[in-house]
Structure formats: structure tokens, C-alpha cells
Amino acid sequence: MVASKSNGSAPPSSLPPPQPRSPPQFPDLYGKRRELARVQMLQREIGFLDEELKSLESIPPSSRSCKEVADFVTGNVDPLIPTIKKTRRSCRFWKWLCGMCCFDVSWICCCRCSCDLSIPWCCDCMTCNSCSNPCQNCGLPACQCFPCCSSKCFKKWKCSLKCRSSSCCMPKRSCCPTCSFTRCTCYPKCPNLNICSCCHKSCCFPCYYCM
Amino acid sequence: MSVAELKERHMAAAETVNSLKERLKQRRLLLLDTDVAGYARSQGQTRVSFGPTDLVCCRTLQGHTGKVYSLDWTPERNRIVSASQDGRLIVWNALTSQKTHAIKLPCAWVMTCAFSPSGQSVACGGLDSMCSIFNLNSQTDKDGNLPVSRMLSGHKGYVSSCQYVPDEDTHLITASGDQTCVLWDITTGLRTSVFGGEFQSGHTADVLSVSINESNSRMFISGSCDSTVRLWDTRVASRAVRTFHGHEGDVNAVKFFPDGHRFGTGSDDGTCRLFDIRTGHQLQEYNQQHDDNEAPHVTSIAFSTSGRLLFAGYTNGDCYVWDTLLAEVVLDLGKLQNSHDSRISCLGLSADGSALCTGSWDSNLKIWAFGGHRRVN
């Protein structure tokens, strides 16, 4: 009986009555840290922006950078850009010279490099696109064997040379350090051979057009 | 400090940031006394002119059965790797059009690929959030597939772009949808540095593209959906060296200018831009007006070796050749014979600069080269 009384009726007076708990003061500690980190991040950003604002005082105007761009662009050759040079008179001279006889005239293009055009070798043995390797007539590798200016094929092989330094043409093979004869894979198949415009005829880019 | 107080501080700091950014913008405008085109015109520069056969499509690389998403040339210039929606990487000999490898990927959702500097390996990444490395000299398995030689895992979002550090087959930088870029040590498969992230000073949206400076391989740039480009120093991962603002859309493509002191960008806002990394100036905007006011997005860009030409691929299939000095379109490869039938998704120049390769959603790659004469008038 005693036991049933204590279980079924009034609760023991020592326990407090159940009460709803009030929420903790900071329910989401992670969120607080996250918010703090965001604030710190923005404060760092403010520091960086202040630095950048100060650095602008010593930055030159954009015209200087534009000049650098123009100088760089015009000072470098580009294998994808057509090279047009106003050297008609020179070409006539070369045509005349080359038409007179076939010999290595590259020595002319070795003194301080003031010339714009060089046609070092030519060979009248050739007909268009028929140079064997080496050429049976002149013995030169195909890449060096070009038709003379006087021949009807000449217009297909014109090569421009713009010397930019005194070492440009001497020795001839070091004119363009990246070139080698083996890369002239397309001659004589390709009438539109890509001849390196910075150099003489023996250095050409791999021809994606003719193979 | 209570959360409410922190929120107030946050709001105040955000306002300060915005006002500082506005002041910066105004100061920069005062320093922009000219742009590249204005300067070039004042110097009497004339535009590059192309004849009808000067730049021609000389190869079409056929083999993919899905959209081509990415391509990369080898430094030794005659090989190309391409990644496609068909779940394959194909390695091509650009001179002969032959395929040397067709790599079936474990995860078909590839977005980017890159050739290692030595040409021995290729890397790719995509929606699996990983970067996979394949050694091209490995033995194929019994099904004829090339096995993955290394998986680089750690990104929490898709891998949108990857590029090997020049002259280092063991290091690679990836860009990701998790707003970060990562420098990887391929030998160990571990992250060497993470650039950006939730509480770092970095991009605040997906990073879509990276480009490493060839003349100083410690510096790289990243373009992002937050409309900015950031310049990073691989030795300092905690913050970007500089942030470049200006675009009004996702920056889909970034590429260093050949001199290493500037870079170009291509964006969803339809423009390409040229920025100077030392001064932060925007030097030029390359923007073609469209009648319908809906400019196609720029998907990919590349500079010619002299920097005179900027190739830009667009979502409408155009591929403009910009004269960088005069900011004029001098050619549209998309309008030439044998051009692509769909969006240009990627493009790249061979190492010697003599050929351009474009990849398209029409599943083909095309190689463009100078087909004219070197004229002496």
C-alpha cells in the first residue's frame, strides 16, 4: 500500500516542477565564428584596398604600357602575319643580279645588316616544285635550292629578310636559332612554303598547308 | 561580442570595401590617358591585312563523336591533345592528322586537358572534381585502354581548367568550381598550395580558366564567374597579388600576352580585354558591336607569337582575328571556307606560332596556318 501511494499520487516535494528551458544565449557558436571570420576577411580586404590606393600614386599612366605593347608587337616577327615590305627597287636589283648568274650572294648581306632582302642561292636547273633532295644540278639540299629570280617559278619563292642586329646574317645558319634544315619538310611539294620572315630561306616553319 | 554586433560590423566593413573599390575605380580612370588603339593610331600604325588565302584551314582532325571542349599543343609543336564530350582524349599528330592515342576516360564528363612540357603525359579534369594524369608511354590494359597514372583529388567542385607549369612535368595548376586554384605535386599526388577558398582572399565564384606566365612560371592568372581576374604568386597562396575588374560577365578565358607583362581575357559579356599586370590598367577592350544587342560570349582566346593578333572563339561559331594594336577585327575564321559548323569551344597556338588549332562543338578540330606568300613588293 505504501508503495502504491508514493507512485500514484503526489510527486516528491524535493524535485522542482518541470519548466520550459530558455534558449541558450548563443545558440549557434559555429555561426558566430563564421560571422567573425567574415568580418576579419573584410577587414583584410580593406587593408589590401588601402594598399592598392596608395600604390596608385606611384603608378604611371596607361600610355606607357600602351607604348610597351606597341614596341613589343612591332619588334617581333609573326609567322601568321603577311610580311609586306616596300622594297620594290631592291627586289628589282636582286632580280637583276640573280638573273644574271646563279651564285651565292649572301656575303653581301653580312655587313652590319643594312639590307632588307636576301636571296642567297638560286638555281636555274629547277622547274617549279621539282627540286630533288639534294638538287641534282647544284647539289644543294632542297631547302637551300631555290629558283632564280629570272625563272617563272621565282615568284613562289620570294624570301624577305629584315635584319634586326648585326649578327643577323653571319653565320647564316645561326640567323634563327630555332631553325634547322630538317624542318623544311614541305619543299618541293608546297608552292606556298612558309619561309621564316626573320631569316634567310633555309629556315622555314613546318608547313601545315602542304603535307 | 554578440552575433548581432558582428553582423553590424560586417555590414559596415562591406560598405567600406565598396566605397574603397569605387575610389580605386575613379583613381584608375584618371590614369587611363589612352588605350592601345589610341596610342597606335597616334603613331601612324596601319592595320594588318589578310588576303583571302593568307590564313587558311589546312587540316580537319576528325575522330571525336561529341563536342570538343578543350585542346592543347605539345611544346615540341606537332602534337595536340583534345578532350571531348564523347569521354575520350585524343592525341593527334598535327602534321599528318593521325591519331596516336585515343584514351577512354574513367569519367566521361571531361572539361579540360593539357599536355605536359615533355610531351610524355597528358592531364584532364572535369565534373568528377579530379585531375587525371595519363603517361602516354604506359602499357595499355587488356581492353586496350591507357591506365590512369595518377589521380589528383582534393577539389570540392568540377575541374574547369588545368595547365602544367612550364618546364616541369611534376607540377600542374588547376582551376575549379569550388572557387579555388590548386598547385599540385604530381609525384606525390598532393596539393602544394591552394589559392583562394572560403575565408581566403580569392575568387568569390567558380574559377573557369588559368594561364601561367611563360617568362615567370611562379606567376599565374585565373578568370572567374565573379567577373574578375586574379594574379597569383605560387609562393603566396593566402592572397591574390592583384585583382582585375572590368568585365561584366563570367571570365571564360585568360591568356598571358607573349611579353609576360600583360594578359588577355575573354568573357560572357562578349568582350576581350587586355590588362597590364604591373599597373593593373585595362589597356584595351576588343568589342564588336552586334545589331541584336546580344553579343555572343567569348569562349577561348590565344595570342600570336608577336602579340599582334588575338584569336577569339565565340559561342555563335565566329572566330575573330583581332589586330591587338588597332582593336579591329581583321579576319573571321568562322566565315571562311571549311570553317566550323558550331560554337568554337577552344583554341590554341602551336609552340612556334605557325599554326592555330580550333576545337568546336561540331566535334572537329581544325588547323589554320599561313597559306600565302611572304611578299616583297
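If you're wondering where the values come from, they're calculated on a predicted model, not measured in any experiment. Numbers restart at 1 for each chain; the letters A, B, ... are given by sequence-line order, proteins then strands.
The CZ atom of Arg27(B) sits 7.0 Å away from the CG atom of Leu56(A) when rounded to the nearest 0.5 Å. Note: Thr16(B) OG1 to Ile46(A) CD1 = 4.5 Å, rounded to the nearest 0.5 Å. Here OG of Ser238(B) is found 6.0 Å from CZ of Arg44(A). Values are rounded to the nearest 0.5 Å. Taking CD from Gln43(B) and CG from Asp71(A), the interatomic distance works out to 8.5 Å, rounded to the nearest 0.5 Å. One finds the CZ atom of Arg64(A) at 10.5 Å from the CG atom of Asp33(B) (value rounded to the nearest 0.5 Å).
When all heavy atoms of Asp35(B) and Cys66(A) are compared, the closest pair comes out as C-SG, 3.4 Å. Nearest heavy-atom pair, Leu31(B) versus Ile59(A), reported as atom, atom and distance to 0.1 Å: CD2-O, 3.7 Å. Across Val73(A) and Phe257(B), no two heavy atoms sit closer than the pair CG2-CZ, 3.7 Å. The two residues Pro79(A) and Gly353(B) have their closest heavy-atom pair at CG-O, 3.2 Å. Pairing each heavy atom of Phe72(A) with each of Thr305(B), the nearest pair is CE2-O, 4.4 Å. Leu80(A) approaches Phe370(B) most closely through the heavy-atom pair O-CD1, 3.7 Å.
Using a 4.5 Å cut-off between heavy atoms, Leu349(B) contacts chain A through its side chain alone, with no backbone atom that close. For chain A, the nearby parts of Val17(B) are the backbone and the side chain; heavy atoms of each come within less than 4.5 Å. Heavy atoms closer than 4.5 Å to chain A are found nowhere in Phe275(B), neither backbone nor side chain. Proximity to chain A involves both the backbone and the side chain of Leu24(B), based on heavy atoms less than 4.5 angstrom apart. Contact of Ala40(B) with chain A is not made at all, since no heavy-atom distance falls under 4.5 Å.
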Margin query: Is there a side-chain contact (heavy atoms from CB on, under 4.5 Å) between Val69(A) and Thr324(B)? Walk through the geometry before answering.
Written below: CA-CA 9 Å; Val69(A) 171; Thr324(B) 53; 5.6 Å; no
Note to self: Using the rule given for side-chain contact (heavy atoms from CB on, under 4.5 Å), can you reason through Thr74(A) versus Gln45(B), listing the C-alpha separation, both sets of side-chain angles and the distance that settles it, and then say yes or no?
What the structure shows: CA-CA 10 Å; Thr74(A) 51; Gln45(B) 287 286 343; 3.3 Å; yes
Next item on the list: Kindly indicate, with the supporting measurements, whether the criterion side-chain contact (heavy atoms from CB on, under 4.5 Å) is fulfilled by Arg9(B) and Glu35(A).
Entry: CA-CA 10 Å; Arg9(B) 280 200 176 195; Glu35(A) 205 62 46; over 6 Å; no
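Checked for salt-bridge contact, Lys32(A) and Glu5(B) miss the test: no charged N lies under 4.0 Å from a carboxylate O. In summary, Glu51(A) and Arg239(B) engage in a salt bridge, as defined by a charged side-chain N under 4.0 Å from a carboxylate O. With respect to Glu68(A) and Arg262(B), a salt bridge is recorded, a charged nitrogen being found less than 4.0 Å from a carboxylate O.
Between chain A and the residues Ala13(B), Ala37(B), Gly280(B), Ala14(B), the most heavy-atom pairs under 4.5 angstrom are made by Ala13(B). When the candidates Leu309(B), Val48(B), Val330(B) are compared by the number of heavy-atom contacts under 4.5 Å with chain A, Leu309(B) comes out ahead. Among Leu356(B), Val321(B), Thr34(B), the residue making the largest number of heavy-atom pairs under 4.5 Å with chain A is Thr34(B).
Between His10(B) and Met41(A), every side-chain heavy-atom pair lies at or beyond the 4.5 Å cut-off.
Judged purely by atom type and a 3.5 angstrom limit, Asp276(B) has no side-chain atom pairing as donor or acceptor with the backbone of Ser65(A).
Taking Leu32(B) as the reference, Ser62(A), Leu29(B), His281(B) meet the side chain to side chain contact (heavy atoms under 4.5 Å, CB included) condition, with sequence neighbours excluded. Applying the salt bridge (Lys or Arg N to Asp or Glu O under 4.0 Å) criterion to Arg47(B), with sequence neighbours excluded, gives Glu328(B).
Checked by atom type, the side-chain pair Ser306(B)/Asn76(A) shows no donor-acceptor distance below 3.5 Å.
For CZ of Arg23(B), the number of neighbouring non-hydrogen atoms (other residues, nucleotides, ligands) closer than 6.0 Å is 12 at most.
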